[in-house]
Amino acid sequence: MTNNAIGYVLKTADKKVVSNIEGNNMETGILSTLIKNCTLTGKIKADFLVFEVDEGYIPVVFQDFPLDTLVILDFFRDQLDRNGEVETLILKINEFLKTYNNNLILNSDDPNVSRLGKANPDNKNIYYFSVDRYKYATKEQKEAGEGKFCPFCKTRLEYEYYQYSHIGKFKCPNCDYGNNPIYKLATNVDLNSRTFDVDNITYKIRFNSIYNIYNLTAVIACTSLYNIDTDIVKNALSKFVLNNGRLEEVNIKGVPTIINLAKNPTGSNVSLRILNEDDDEKELLFVLNDNIADGFDVSWIWDIDFSNLNNVSRIITSGKRAYDIAIRIKTSGFDANKIEPYLNLHDAVQNLYKTNIKKYIIANYTALQPTRKELKL
Amino acid sequence: MEEKFLNILYLYPDMLELYGDYGNIQVLKYRLEKRGFKVNIASYSIGDEEPNFKDFDIIFAGGGADQEQSILSEDLLKYKNKIKEAIDDGVFFLLICGAYQLFGKYYKGVDGNIIPGLDIFPYYTESISDRKKRCIGNIVLNVNLNDKETKVIGFENHGGQTYDIDTPFGTVLFGNGNKFGDSVEGFFLKNVIATYLHGPLLSKNPELTDYIIKYSLDRKYNENTILKPLDDSFENLCREQLLNRFLNSNSPS
Ligand SMILES: [Zn+2]
């Protein structure tokens, strides 16, 4: 998403941009993007290359291309991290950054990310971004997350507040880790009006999640390093949308419907946060598959916070694991009589639109496209 | 009438929290509260005051990442005798994955490093040299609970191979078990279930959950508790669907 948004801002500024398609973020995906965009003599005609890069391929991609800015947003343990693979990954990137001297844009509020700013003390081009406490920030951690211990001295980190998951204002009481100079700070975050301020400029955006405020603040930090006029950035961000099931807002038979992909607890919690911050009555459809691309293990649904759903009158579940997710939601305290599981997606969608109450739809990886198709999108 | 309750202790929630294993406590709480019992959940982690293990009815610990296991082993070993007393006293222990391993003699890592266990139970665990090889997948066991056979559904994901088990939790109908292609899974005493099964384990196995609940209430209140039946229609549908999928097909998933 951030990758697309940076590209969109640069294009709005009349720059020629070559960018990879989301998800095509390994070395081969990036190479094929370049091949598609190069002349017969092998030259690429573009002002900017903007890539979304799989975390594991950062060192490789930077070796192959003279890229001059790296933006790192967050690290979450995904469902197959029983071996501490995320930690290994962070250490690998840290190792690469020891000799990296170009622009490095880091999320100051993720302890797993901001630690990377210390990898190379000689790098003068480190830029932290942060988002000021927003309305729904909490004193206690609401969703399972990372970053409980200081990566430098292993002391338990202290949080002033959590924005979501392990992202928030933290510091190490022992070694003062967490006290970064902030290059771009988003303030006055208002998810209802979908606005926030950076450097006294108010940005109106098309998204209403704290997660995307972070992403777009990173976009502002990045485009600012290339001296893109803030009026252009403002204009571009006011129009930037995604139409791929990532917080896609549509009308189905006249019923407002918000669809979001959720491959893991973090994605699901982001969706539920948006749902809970909306006071309207709504119905939720959760589609859960366990195909190879999803991972066979669906136990991550137990790390989703389903407690105290705001004004949800009915939940329909579907997908190959429709019953698993129904049990999960029931156990969280939601009235079992208002949960309807359907293994068959067609039946699920038919029953969902029996009422004209606003819909929220969460689908995991292989469930998303079949769901959109069932909605005739 | 005085309200009956159970005290549950959750060990190292901030370290052994992978893959929804906390869901086991949520399921216990749900099934107890639906029947009018009260549930107190306490947690203990590194740096907290020593818990009085015998004050609890159920003690739960889940699975964590390898590097955390060694930090944890060091802390846990301080309480070896008190934990052993609690087990002998009849406190129910539910130990998943990493915790299962830690209650044995030792865990030998990929690099040959030894993480000492509590040595309360006679088994030991060794990882296989190929880091990428793990027992991963859906698993179904046949388990005997108070002379009643029941099928237990879960998800295993472990590199460690556990040896020297005389009293397994169940026999494997689908999946691996304690080792690659093993016929048995886990470790079982009347008041101890130690297993690799995630899912979380109790979410799809109401009979197993009720076994733990009944055992704990019977012991605490010294009576033969009759558990009120609950509406398990989602669980039953889920079990029927998954058992059919795993046991009646040749597909690996
Ligand atoms: Zn520190």
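Quick note on labels: first sequence line is chain A, next is B, and so on, each numbered from 1.
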Task: Closest non-hydrogen atom pair, Phe234(B) against Tyr323(A) - done: O-CB, 4.1 Å
Task: Nearest-0.5 Å distance, CD1 of residue Ile136(B) to CG of residue Asp297(A) - done: 9.0 Å
Open item on the list: Counting only non-hydrogen atoms closer than 4.5 Å, does Leu343(A) touch chain B with its backbone (N, CA, C, O), its side chain (CB onward), both, or neither?
Closed with: side chain
Task: Residue Asp111(B) excluded, over 12 heavy atoms near CG under 6.0 Å - done: yes
Task: Enclosure of Leu91(A) CG (heavy-atom neighbours >12, cutoff 6.0 Å) - done: yes
Open item on the list: On a heavy-atom basis, which atom in Gln241(B) and which in Lys320(A) lie closest, and how many Å separate them?
Closed with: NE2-O, 2.7 Å
Open item on the list: Please find the pair of heavy atoms, one from Asp324(A) and one from Cys238(B), that lie closest to each other, and give the distance.
Closed with: OD1-SG, 3.4 Å
- [ ] Given side-chain contact (heavy atoms from CB on, under 4.5 Å), test Trp302(A) with Tyr22(B) step by step and report yes or no.
- [x] CA-CA 8 Å; Trp302(A) 288 78; Tyr22(B) 174 64; over 6 Å; no
Task: For Ser299(A) against Gly199(B), the heavy-atom pair lying closest together - done: CB-O, 3.4 Å
Task: Side chain proximity check, Gln26(B) to Ser307(A), heavy atoms < 4.5 angstrom - done: no
Open item on the list: Can you tell me if Lys169(A) has over 12 outside heavy atoms packed within less than 6.0 Å of its NZ?
Closed with: no
- [ ] Answer yes or no: does atom OH of Tyr163(B) have more than 12 heavy-atom neighbours from other residues, nucleotides or ligands under 6.0 Å?
- [x] yes
TODO: Using a cut-off of 6.0 Å, state whether more than 12 heavy atoms not belonging to Glu55(A) lie near its atom CD.
DONE: yes
Open item on the list: Is it true that, when you exclude Glu50(B) itself, more than 12 heavy atoms of the residues, nucleotides or ligands shown sit nearer than 6.0 Å to its CD?
Closed with: yes
Task: Lys/Arg-Asp/Glu bridge criterion (N-O < 4.0 Å) met for Lys330(A), Asp231(B) - done: no
Task: Least distance between heavy atoms, Ser203(B) atom then Ile327(A) atom - done: O-CG2, 3.6 Å
Task: Flag if over 12 foreign heavy atoms under 6.0 Å of NZ, Lys282(A) - done: yes
Task: Test log, rule side-chain contact (heavy atoms from CB on, under 4.5 Å), inputs Leu242(B) and Arg321(A) - done: CA-CA 9 Å; Leu242(B) 295 179; Arg321(A) 292 294 195 133; 3.3 Å; yes
TODO: Against chain A, label Tyr30(B) side chain, backbone, both or neither, depending on which of its atoms sit under 4.5 Å from a heavy atom there.
DONE: side chain
- [ ] Hey, could you give me the OG1/NZ distance between Thr331(A) and Lys34(B), rounded to the nearest 0.5 Å?
- [x] 10.0 Å
Open item on the list: Counting only heavy atoms from other residues, nucleotides and ligands, does the tally under 6.0 Å from OH of Tyr365(A) exceed 12?
Closed with: no
